[in-house]
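One structure is given below, encoded as structure tokens.
Indexing begins at 1, ligand by ligand and atom by atom, following the structure's order.
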Amino acid sequence: MFVDRVELFVKGGDGGRGAATFRREKYIPLGGPDGGDGGDGGSVIVRADPNADNLAGLTMKKHWRAKNGEAGMGKKCAGKNAEGIVLLVPPGTIVRDRDRGNVLKDLVAPGDEVVVAKGGRGGRGNAHFKTSTNRAPREFEPGEDGEERWVTLELKVIADAGLVGFPNAGKSTLLSRVSRATPEIASYPFTTKHPNLGIVTLGGDAGFVIADLPGLIEGAAQGVGLGHEFLRHVERTRVLIHLVEPFPTDGSDPVHNYHAIRKELREYVVPLDGKPEVVCVSKAELTGANDVRDKLAADLGREVLLMSAVTGEGLQLVIGRVSEMIAALRRAEAVEAARKKPTEFPTEAAIRTDDFQTAPPPEGRP
Ligand SMILES: Nc1nc2c(ncn2[C@@H]2O[C@H](COP(=O)(O)OP(=O)(O)OP(=O)(O)O)[C@@H](O)[C@H]2O)c(=O)[nH]1
Ligand SMILES: [Mg+2]
């Protein structure tokens, strides 16, 4: 099961209450206040983990409550801080406050995390309230309440290149040829229902991540079919590989189909047609595919590649073009990043992550 959106209730544990006790010892009849502090409640944290590939692991349980801190005790003994909860999600998950709608954090890189519900601080015991005029205070603080809220987690895959095109164009077949991914492939449209990621390894460290996306159809930008769901995943790809089926089974014109997809990309909530694009006609070994390529190239006035995922013809060139574009974009991004010089802020310094209990990773790897 592939799940890319979940809604969860999260609550940090309450802080433990401080104690109001007095020292009681033989021969010390009037011992002073010795109430210890309460422990802090546990926090709920969402963390990006490279081993999680979708949000399916978070569908079984909607409410996540971290434990409360222990109450303080006599003899100035502090209550224990409670363990937190860490929810593991795939990189590319956007965490939002459901009711306010604001983004709490976009968990882009593995290890990125956000505290979604902070545990309450433990209350102080009466040992803190002793003054020169009140040597036997009975005051203590209750622990603070833990934060609580509803959050939505939404996964938008992050890939260097995204495969777009009509259903049945051969997108999944291409992915399976250039990476170790094993997407479902079939001779009918809409075989792919969710994005599949694959890693293309080239010499050295020049690899990139490619996403096979569900086929697009006319009207997708307005929500026809599962349009919005599909286009959402195109949002965070850097480069598009637009695969054009040379012989659509419905007899439609490949050139028209190319423009139809471009229109959907353009009309999506965030226009997606500005991304660099490699245009490629698929199924090259079929007679006449070459003519379709020439016709499309003439219509667009730009390079159109021709490739067969079955024979492997033209595959190298497609991968080469895509990787050149990605390399150029990465260089430009590096220059931009150096120019901006990031300002460093301390991260959630007070959060101890060493003794957190960990939620099970999402199930259902393909
Ligand atoms: N002859 C030929 N057939 C191909 C080639 N690539 C893919 N096919 C066939 O085209 C059909 C569709 O392939 P898929 O890879 O499932 O197409 P898709 O674009 O992922 O389709 P959706 O997931 O439905 O959008 C399958 O029957 C493939 O075997 C090719 O290079 N040559
Ligand atoms: Mg497919």
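Protein heavy atom at the shortest distance from atom 1 (N) of ligand 1 is E285 OE2, 2.5 Å. At the top of the distance list for atom 21 (O) of ligand 1, counting protein heavy atoms only, stands N168 N, 2.9 Å. The shortest contact between atom 31 (O) of ligand 1 and any protein heavy atom is with A309 N, 2.9 Å.
S308 and E285 form a side-chain donor-acceptor contact under 3.5 Å, judged by distance and modelled atom types alone. If you check the side chains of D4 and H233, you find a donor sitting under 3.5 Å from an acceptor.
With salt bridges taken as basic N to acidic carboxylate O contacts below 4.0 Å, one links D14 and K11. Ion pairing of K80 with E70 is absent here, as no side-chain N (NZ or NE/NH1/NH2) approaches a carboxylate O to less than 4.0 Å. With respect to D34 and R23, no salt bridge is recorded, no charged nitrogen being found less than 4.0 Å from a carboxylate O.
Partners of E277 by salt bridge (charged side-chain N to carboxylate O under 4.0 Å, His left out), not counting sequence neighbours, listed by chain and number: R262, R302. Qualifying salt bridge (charged side-chain N to carboxylate O under 4.0 Å, His left out) partners for D299, counting only residues two or more places apart in sequence or in other chains: none. R238 pairs by the salt bridge (charged side-chain N to carboxylate O under 4.0 Å, His left out) definition with D160, E333, not counting sequence neighbours.
Contact analysis leaves G165 out of contact with ligand 1, as no non-hydrogen atom separation drops below 4.0 angstrom. S282 does not count as a contact of ligand 1, since none of its heavy atoms falls under 4.0 Å from the ligand.
The closest donor-acceptor contact from the side chain of R293 to the backbone of V304 lies under 3.5 Å. A donor-acceptor distance shorter than 3.5 angstrom exists from the side chain of E141 to the backbone of R124, with no hydrogens or angles considered. Within the 3.5 Å criterion, the main-chain N or O of L243 finds no donor-acceptor partner in the side chain of K171.
Here's the thing with E184: none of its N/O atoms is less than 3.5 angstrom from an N/O atom of ligand 1. No N or O atom of I185 sits closer than 3.5 Å to an N or O atom of ligand 1. Where the criterion is an N or O separation shorter than 3.5 Å, residue side chain and backbone included, M307 fails it with respect to ligand 1. Residue T191 has at least one nitrogen or oxygen atom sitting less than 3.5 Å from a nitrogen or oxygen atom of ligand 1, judged on distance alone. The shortest N/O to N/O separation between A169 and ligand 1 falls below 3.5 Å.
We find the CD-NZ distance between E235 and K156 to be 3.5 Å, quoted to the nearest 0.5 Å. The NZ atom of K118 lies 12.0 Å from the CZ atom of R149; values are rounded to the nearest 0.5 Å.
In summary, the atoms of ligand 1 found under 4.0 Å from a heavy atom of T173, numbered by their order in the structure, are 6 (N), 7 (C), 13 (O), 14 (P), 15 (O), 28 (C). Close approach of ligand 1 to S308 (heavy-atom distance below 4.0 Å) involves ligand atoms 31 (O). The distance from ligand 1 to the heavy atoms of G215 drops below 4.0 Å at these ligand atoms: 25 (O). Within ligand 1, counting atoms from 1 as listed, the ones closer than 4.0 Å to a heavy atom of A186 are 11 (C), 12 (C), 13 (O), 16 (O), 26 (C), 27 (O). For ligand 1 and Y188, the ligand atoms under 4.0 Å from any heavy atom of the residue are 24 (O).
Note on the Mg ion (ligand 2): protein N, O or S atoms under 2.8 Å away count 2, no waters included.
Comparing heavy-atom distances from atom 5 (C) of ligand 1 across V310, L175, L286, V281 singles out V310 as nearest. Ranked by closest heavy atom to atom 25 (O) of ligand 1, the top entry among K171, K283, E245 is K171.
Ring geometry for H63 versus F9: interplanar angle of 30 to 60°, hence tilted.
With a 4.0 Å cut-off on non-hydrogen atoms, P183 does not touch ligand 1 at all.
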